[in-house]
Amino acid sequence: MDQVTFRSDTVLSDVHLLLPNACHLMKRLNSVGQPVFTSKFRILRDCDGKESSSESPVRESTDASNVPLDEDGDLDVVRRPRCSSSNRDAVCPIILSQSAATLTDEEEDSEEEDGARDVIRIEHTMATPLEDVGKQIWRGAFLLADFILAQASMFTGATVLELGAGTGLASIVMAMVAKTVYCTDVGDDLLSMCQRNVTLNKQHFEPQESEIRVRQLDWMADDLCTDADLDFCWTDAEIGDLHDNTTFVIAADVCYDDDLTDALFKTLYRLASNMRHPITTYISIEKRLNFTLRHMDVSCEAYDHFHHCLVQLQQMTDGKMSFMVEPVKSSFPQFFQYERVEQLELWKVTAERL
Ligand SMILES: C[S@@+](CC[C@H](N)C(=O)[O-])C[C@H]1O[C@@H](n2cnc3c(N)ncnc32)[C@H](O)[C@@H]1O
């Protein structure tokens, strides 16, 4: 591969869009030929709110005060000189290796040496088609991660299930405080990348004997996969542990397609009705505004559908389960550097068996 092409039907997360080049290095091609990058994210403060002692954040500041303004206060945008596309420099990445998603012993050792206590390293791809969005990191994962660290005592020692975990960032942060995290998503390729991130960051949770189990959980399927011939399948003991001990479910940026959102809510209902304890779920979402010809206006259809599902869940009277829904104020401190835009929201859903 000698040229990277960004196709028009691909999407790129703002997290990667704003990440300065110095912070990510193309490491290899994954098993389906997509370039894999590593990004480092520094935890800016400890759970007591004290700022981390490290000199500067790994992420470059996106502080608005750095943006040049003209004398009227308008943005002074420096435009790229107009030139024909043939004059543009071709992007010729150097690929370090093409490898399966397992770490060699040597790689693991050097990753560990590099793995400072306050830095989370995540491997991810960029500009994926919609079906591969889980291979990027989304701002909703940072909002959720901030909330977890801000409310660390609430999650301490808990068993937690993450749905649609993608690269695994929120699960890794959760394992810094919780005891067991079932980190779930779909697709061997994505789950392998997630497992690799878990291994890369084990210094954050292994010392306190917490664990992350990366498992397949497809919202479109009725049951958890227990076929031992398949990777990331569940054992009966794990399913027992999940049902007996889970008290929290978390999900970041998982509502962007109405059919998937419907399947996610059905999964939430089914899981909650199988759990021994009442379950509290935290879901982060980014309200994405789009102009549509159908509305001839700006709308946020995926968010509206998510909201509709929340209302339906709360109004449900099936005599078996009761759900309560409330927004969570996002005034908690920021532990990671990212743009906490006002469109980022966190919702709390509590479920109880009647
Ligand atoms: C926008 S990504 C968010 C990833 C990650 N939570 C984050 O915020 O960085 C949506 C996630 O939902 C997952 N997903 C989509 N359909 C799913 C399904 N049927 N079952 C389980 N997960 C699914 C995707 O694989 C992807 O990881």
Side-chain angles (χ1 to χ4, degrees), residues 10-19 30 32 34 37 39 41 120-148 160-174 181-198 201 212 214-225 232-234 249-271 281-288 302-303 305-306 336 338-341 343-347:
T10 57
V11 285
L12 176 61
S13 161
D14 296 85
V15 171
H16 307 308
L17 192 68
L18 297 172
L19 202 65
N30 64 14
V32 291
Q34 295 162 329
F37 298 80
S39 294
F41 302 97
I120 293 184
R121 301 160 55 85
I122 298 289
E123 286 196 7
H124 58 89
T125 63
M126 290 211 263
T128 54
L130 208 53
E131 59 271 21
D132 270 339
V133 283
K135 293 177 184 168
Q136 302 184 54
I137 309 164
W138 298 86
R139 283 197 286 226
F142 284 111
L143 185 73
L144 193 54
D146 278 350
F147 180 72
I148 293 164
V160 181
L161 167 67
E162 179 170 14
L163 300 172
T167 58
L169 178 100
S171 281
I172 291 165
V173 172
M174 180 57 96
V181 182
Y182 289 100
C183 170
T184 70
D185 210 300
V186 276
D188 283 355
D189 199 38
L190 174 60
L191 291 167
S192 302
M193 177 177 251
C194 182
Q195 180 64 66
R196 191 175 159 99
N197 284 329
V198 167
N201 290 284
I212 301 180
V214 178
R215 294 289 174 265
Q216 170 113 338
L217 194 161
D218 184 351
W219 316 327
M220 296 292 195
D222 288 336
D223 299 306
L224 298 175
C225 165
F232 307 107
C233 66
W234 296 73
V249 175
I250 54 170
D253 203 344
V254 283
C255 296
Y256 51 96
D257 170 282
D258 292 357
D259 292 338
L260 285 179
T261 303
D262 290 341
L264 172 81
F265 274 83
K266 273 195 195 132
T267 303
L268 263 183
Y269 178 91
R270 198 175 47 246
L271 284 166
T281 302
Y282 289 99
I283 307 174
S284 68
I285 184 163
E286 183 164 345
K287 214 181 207 177
R288 295 191 175 92
Y303 175 87
H305 189 70
F306 164 73
F336 292 92
Y338 64 102
E339 279 189 305
R340 194 186 280 181
V341 292
Q343 289 80 11
L344 274 175
E345 293 183 2
L346 186 63
W347 287 82

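Keep in mind that what you see is a predicted model, and the values were worked out from it rather than measured. Both counts, for ligands and for their atoms, begin at 1 and track the order of listing.
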Quiz question: by atom type and distance under 3.5 Å, do the side chains of Q343 and Y303 form a donor-acceptor pair? no

Look only at the side chain of T184 and the backbone of Q216, and say whether a donor-acceptor pair between them is shorter than 3.5 Å. no

Report the residues that fulfil salt bridge (charged side-chain N to carboxylate O under 4.0 Å, His left out) with D146, sequence neighbours left out, ordered by chain and then residue number. R340

Could you work out, with side-chain contact (heavy atoms from CB on, under 4.5 Å) as the rule, every residue matching L144, not counting sequence neighbours? I148, A170, I250, A252, Y282, S284, L346

Measure the acute angle between the ring planes of Y338 and F142, then classify it against the limits of 30° and 60° as parallel, tilted or perpendicular. parallel

Check ligand 1 for N or O atoms under 3.5 Å from a protein N or O and list each pair with its distance.
from	atom 1	to	atom 2	distance (Å)
ligand 1	6 (N)	G164	O	2.8
ligand 1	6 (N)	A252	O	2.9
ligand 1	8 (O)	A252	O	3.4
ligand 1	9 (O)	W138	N	3.0
ligand 1	19 (N)	D218	OD1	2.9
ligand 1	20 (N)	W219	N	3.0
ligand 1	25 (O)	D185	OD1	2.6
ligand 1	27 (O)	D185	OD2	2.6

Quick one: list whatever passes side-chain contact (heavy atoms from CB on, under 4.5 Å) with A221, sequence neighbours left out. D218

